Amino acid sequence: MQKFIGQGPGNLVPNTEYMSFKANGAIAKGDVVGFLVGTNATGYTVDQANASTITPIGVAAEVAADGEWFNVIVSGYCNYVTNDGTDIVAGDFLVAGAGVAVPYTAAELGAAPTQYANVFGQALDAETTTTLTEAIIFKRI
């Protein structure tokens, strides 16, 4: 059985997994994205996630114009996530808003169970701007 070095003394680079998808509309680096649903759904086209129909699968790792293929961080460490401007506390869960991350505490999630489907990651550190630079993205695909 082959062994791989995970994080620790032998490897200080955190894992990040990328996948390529096609943009439906303009996508900015840091946008929270999910599969396009409805008439033009392809299974490889993504759009900005939202709290109602487009469930998040990851974070855009780069800018993309409509119809372009681009990389999405689908799991692991992410150093650039756009948020809604709400101050983030280390440990907050990240929930998809309109293409951005919205921080939720565990208690807030408990009070809004419909948001569980929109949780896509967790903040590793506090942030008071609109760009979270230390997050873990949960594998959803």
Side-chain angles (χ1 to χ4, degrees), residues 2-141:
Q2 187 174 9
K3 295 183 180 183
F4 297 96
I5 297 173
Q7 282 67 55
N11 180 4
L12 299 179
V13 178
N15 288 333
T16 301
E17 183 180 352
Y18 298 85
M19 291 181 76
S20 292
F21 294 97
K22 189 175 181 181
N24 180 61
I27 301 290
K29 179 180 178 178
D31 279 358
V32 179
V33 298
F35 286 116
L36 181 66
V37 296
T39 305
N40 296 318
T42 61
Y44 56 78
T45 303
V46 296
D47 203 342
Q48 292 177 329
N50 57 48
S52 58
T53 58
I54 301 177
T55 304
I57 62 162
V59 176
E62 57 193 346
V63 173
D66 184 37
E68 286 185 337
W69 289 86
F70 70 107
N71 286 321
V72 173
I73 297 171
V74 295
S75 73
Y77 185 79
C78 182
N79 66 355
Y80 199 98
V81 181
T82 304
N83 67 63
D84 69 349
T86 303
D87 287 352
I88 295 175
V89 175
D92 277 353
F93 291 97
L94 304 176
V95 174
V100 298
V102 179
Y104 273 69
T105 64
E108 289 170 331
L109 275 177
T114 57
Q115 289 297 348
Y116 283 119
N118 291 314
V119 175
F120 67 92
Q122 189 171 26
L124 297 176
D125 204 355
E127 185 59 60
T128 58
T129 70
T130 57
T131 304
L132 176 61
T133 59
E134 296 172 281
I136 290 292
I137 306 304
F138 300 152
K139 188 165 182 71
R140 301 192 67 168
I141 178 172

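Source: prediction; values computed, not measured. Values below: every heavy atom of this structure, side chains too, minus hydrogens, waters and symmetry copies.
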- [ ] For residues P113 and G110, report the shortest heavy-atom separation together with the two atoms involved.
- [x] CD-O, 3.8 Å
Open item on the list: I need the minimum non-hydrogen distance between T55 and A117, along with the two atoms involved.
Closed with: CG2-O, 3.3 Å
Open item on the list: Looking at D31 and V33, would you say the former's side chain and the latter's main chain have a donor-acceptor pair under 3.5 Å?
Closed with: no
TODO: Return the minimal non-hydrogen interatomic distance between G99 and Q48, and the atom names on each side.
DONE: CA-CB, 3.7 Å
Task: Value rounded to 0.5 Å, distance of CD in E62 from CD1 in I27 - done: 11.0 Å
Open item on the list: So V63 and F70, do their side chains get closer than 4.5 Å, heavy atoms only?
Closed with: no
- [ ] Would you sort out whether Y77 and L124 count as a side-chain contact (heavy atoms from CB on, under 4.5 Å), showing the intermediate values?
- [x] CA-CA 9 Å; Y77 185 79; L124 297 176; 4.0 Å; yes
TODO: Identify the two heavy atoms, one from Y104 and one from A112, that lie closest to each other, and give their separation to 0.1 Å.
DONE: CE2-CB, 4.4 Å
TODO: Measure the spacing between CH2 of W69 and OG1 of T45 and express it to the nearest 0.5 Å.
DONE: 6.5 Å
Task: Non-hydrogen side-chain atoms of P56 and N118 separated by less than 4.5 Å - done: yes
TODO: Show your working on side-chain contact (heavy atoms from CB on, under 4.5 Å) between Y80 and I73 and close with a plain yes or no.
DONE: CA-CA 10 Å; Y80 199 98; I73 297 171; over 6 Å; no
- [ ] Starting at CG of L36, measure out to OG1 of T42 and round the result to the nearest 0.5 Å.
- [x] 7.0 Å
Open item on the list: Would you compute the distance between atom CD1 of I137 and atom CD1 of I57 and round it to the nearest 0.5 angstrom?
Closed with: 11.5 Å
- [ ] Would you check if V102 and N83 make a side-chain contact, meaning some heavy-atom pair closer than 4.5 Å?
- [x] no
- [ ] May I ask you to decide if the ring planes of F21 and F35 are parallel, tilted or perpendicular, using 30° and 60° as cut-offs?
- [x] perpendicular
Open item on the list: T131: which residues meet the side-chain hydrogen bond (donor to acceptor under 3.5 Å, both in side chains) condition with it, sequence neighbours left out?
Closed with: none
TODO: Might you point out which heavy atoms bring A101 and V32 nearest each other, and give the distance in Å?
DONE: N-CG2, 3.7 Å
Open item on the list: Using 0.5 Å steps for rounding, measure from the NZ atom of K29 to the CG atom of N71.
Closed with: 11.5 Å
Task: Check against side-chain contact (heavy atoms from CB on, under 4.5 Å), E108 and V95 - done: CA-CA 11 Å; E108 289 170 331; V95 174; over 6 Å; no
Task: Interatomic spacing from CD in Q122 to CG in L94 - rounded to 0.5 Å - done: 7.5 Å
Task: Heavy-atom closest contact (G85 atom, T130 atom, distance) - done: CA-CG2, 3.9 Å
